Amino acid sequence: MRLRNIPGAQDAILESPYVVQEPQTKKGHWGEVFVKKQPLHIEVGMGKGRFLMDLARLHPDINYIGIEMYDSVLLRALQKREELEENGEVYSNLFFMRVDARLLPEIFEKGEVDKIYLNFSDPWPKARHAKRRLTSREFLARYDQILVQDGKVEFKTDNRELFEFSLEEVEEAGWNLEASTFDLHHNEELVQGNVMTEYEEKFSSMGNPICKMVISREYHR
């Protein structure tokens, strides 16, 4: 369930130093946005941002961008980050942006992104909305336009139907399925180094198995 509209959220996002404004103007130049030029990982639909903040702290040698299209949700991430930075946790390798993920090819140049994270994405359960699912072949085509040659997409969900749909889309789109599991927390290999999201903690504590896949883009010869 989406958070309700919060008065002032839009203004807070426009004024925040943590949010990249007019991201289309950075296309091809994202290395200059950060303090250091290093690999770039993005999360599409980052929610309240805890997953990315944890990653940014654990991996200072990687740059991160969190993408969220809902003002009220992004505001929660900004508030959380401000709170952490006031306590001395500074993230020079992390920025946010408020944008629709359909615009990704207009924001990133081909080969500019090394990895994409999709965590507990909206399942869009109605068949007519299948193209809106972030693991649909339409979105896979968008990711293909921005990832490096050996770039990867990591997807986690507790929704088995969405996961099975995603497995079919990966095959149809000609991507490589590098690893997958219907029960991440009982998979010794894939659970290594796993950073949990807030939803993941909630759902797994309820006994819901977490599905995960790692895919890489098709190779053009």
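All figures in this text were calculated on a predicted structure; none of them were measured in a lab.
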Practice task
Quick one: closest heavy-atom pair of Leu162 and Pro123, and the distance?
Solution key: CD2-CA, 3.9 Å
Problem - Point-to-point distance, once rounded to the nearest 0.5 Å, from CD of Glu15 to CD of Gln21 - result: 9.5 Å
Exercise for the section: Enter the distance from Glu154:CD to Met213:CE here, rounded to the nearest 0.5 Å. Expected result: 11.5 Å
Exercise for the section: Flag yes if Val90 and Val35 sit in one hydrophobic cluster, no otherwise; membership is Ile, Leu, Val, Met, Phe, Trp, Tyr, and two members link when side-chain heavy atoms are under 4.5 Å apart. Expected result: no
Problem - Heavy-atom neighbours of Glu171 CD exceed 12 at 6.0 Å - result: no
Practice task
May I ask you to check if Arg133 and Trp124 form a cation-pi contact, with NZ or CZ under 6.0 angstrom from the six-membered ring centre and within 45° of the axis?
Solution key: no
Practice task
Please check if atom NE2 in His186 has more than 12 non-hydrogen atoms from other residues, nucleotides or ligands closer than 6.0 Å.
Solution key: no
Completion exercise
Hits for ring-ring contact (aromatic ring centres under 6.0 Å, His included) against Phe163, two or more places apart or cross-chain, chain-then-number order -> Phe182
Completion exercise
For Glu112 and Ile107, the nearest pair of non-hydrogen atoms, with its separation, is OE1-O, 4.4 Å
Handout entry: Min side-chain heavy-atom separation Leu104-Ile67 under 4.5 Å
Key = yes
Handout entry: Side-chain H-bond candidate by donor/acceptor type, Asn176 with Ser216, under 3.5 Å
Key = yes
Handout entry: Trp175 and Tyr143 aromatic ring geometry - parallel, tilted or perpendicular at 30°/60° bounds
Key = perpendicular
Exercise for the section: With side-chain contact (heavy atoms from CB on, under 4.5 Å) as the test, would you mind laying out the steps for Arg76 and Val73 before giving the verdict? Expected result: CA-CA 5 Å; Arg76 296 296 193 207; Val73 181; 5.6 Å; no
Exercise for the section: Please tell me if the side chains of Phe165 and Leu167 come closer than 4.5 Å, counting only heavy atoms from C-beta onward. Expected result: no
Handout entry: Side-chain donor-acceptor pair present, Asn187, Lys212, cut-off under 3.5 Å
Key = no
Completion exercise
Note: with side-chain heavy atoms under 4.5 Å as the link, the other cluster members for Tyr117 come out as Ile13, Tyr18, Val19, Met46, Phe51, Leu52, Met53, Leu55, Leu58, Ile62, Tyr64, Leu74, Leu78, Leu84, Tyr91, Leu94, Phe96, Val195
Handout entry: Test item: side-chain donor near acceptor, Asn194 and Glu200, under 3.5 Å
Key = yes
Handout entry: Single-linkage hydrophobic cluster Leu118~Met196, side-chain heavy atoms < 4.5 angstrom
Key = no
Handout entry: Separation between NZ of Lys115 and CG of Leu147, rounded to the nearest 0.5 Å
Key = 11.0 Å
Handout entry: Enclosure of Lys27 NZ (heavy-atom neighbours >12, cutoff 6.0 Å)
Key = yes
Handout entry: Presence of salt bridge, Glu68 and Arg98, under 4.0 angstrom
Key = no
Handout entry: Gap separating the CG atom of Leu190 from the SG atom of Cys211, nearest 0.5 angstrom
Key = 11.5 Å
Practice task
Grab the two heavy atoms, one from Ala130 and one from Ser136, that are nearest each other, plus how far apart they are.
Solution key: O-CB, 3.4 Å
Problem - Residue pair Trp30 / Leu40: nearest heavy atoms and the distance that separates them - result: CB-CD2, 4.2 Å
Problem - Closest heavy-atom pair and its distance - Leu134, Phe139 - result: O-CB, 3.4 Å
Fill in the blank from the handout: CG (Leu75) and CD (Glu82) are apart, to the nearest 0.5 Å, by 8.0 Å
Practice task
Check whether any side-chain heavy atom of Thr197 sits under 4.5 Å from a side-chain heavy atom of Arg50, and report yes or no.
Solution key: no
Problem - Side chain to side chain, Phe155 and Ser121, heavy atoms closer than 4.5 Å - result: yes
Exercise for the section: State, with a plain yes or no, whether a side-chain heavy atom of Ser180 is found less than 4.5 Å away from one of Leu177. Expected result: yes
Exercise for the section: Find out whether Glu138 and Arg132 are in side-chain contact, i.e. whether some heavy atom of one side chain is under 4.5 Å from a heavy atom of the other. Expected result: no
Handout entry: Heavy atoms from other residues, nucleotides or ligands near CD of Glu22 exceed 12 (cutoff 6.0 Å)
Key = no
Handout entry: Any side-chain donor near an acceptor of the partner, Gln38 and Asn63, under 3.5 Å
Key = yes
Practice task
Check the side chains of Glu109 and His29 for a donor-acceptor pair under 3.5 angstrom, ignoring hydrogens and angles.
Solution key: no
Fill in the blank from the handout: CD (Glu189) and CG (Leu184) are apart, to the nearest 0.5 Å, by 11.5 Å
Handout entry: Joint cluster assignment, Val99 & Leu14, ILVMFWY side-chain distance < 4.5 Å
Key = no
Fill in the blank from the handout: Heavy atoms of Asn93 and Pro60 approach each other most closely as ND2-CA, 3.6 Å
Practice task
Would you mind checking if Lys202 and Glu198 are paired as a salt bridge, meaning a charged N to carboxylate O distance below 4.0 Å?
Solution key: no
Problem - Pairs where residues 157-170 contributes a residue and the test salt bridge (charged side-chain N to carboxylate O under 4.0 Å, His left out) is met, not counting sequence neighbours - result: Arg137-Glu169, Arg160-Glu164
Exercise for the section: Applying side-chain contact (heavy atoms from CB on, under 4.5 Å), run through Ile116 and His41 and close with a yes or a no. Expected result: CA-CA 6 Å; Ile116 298 172; His41 295 186; over 6 Å; no
Handout entry: Minimum side-chain heavy-atom gap Ile146-Ile42 below 4.5 Å
Key = yes
Practice task
Using a strict 4.0 Å threshold on nitrogen-to-oxygen distance, state whether Lys152 and Glu178 make a salt bridge.
Solution key: yes
Problem - Steps toward side-chain contact (heavy atoms from CB on, under 4.5 Å) verdict (Ile210, Phe203) - result: CA-CA 8 Å; Ile210 306 300; Phe203 295 141; 4.2 Å; yes
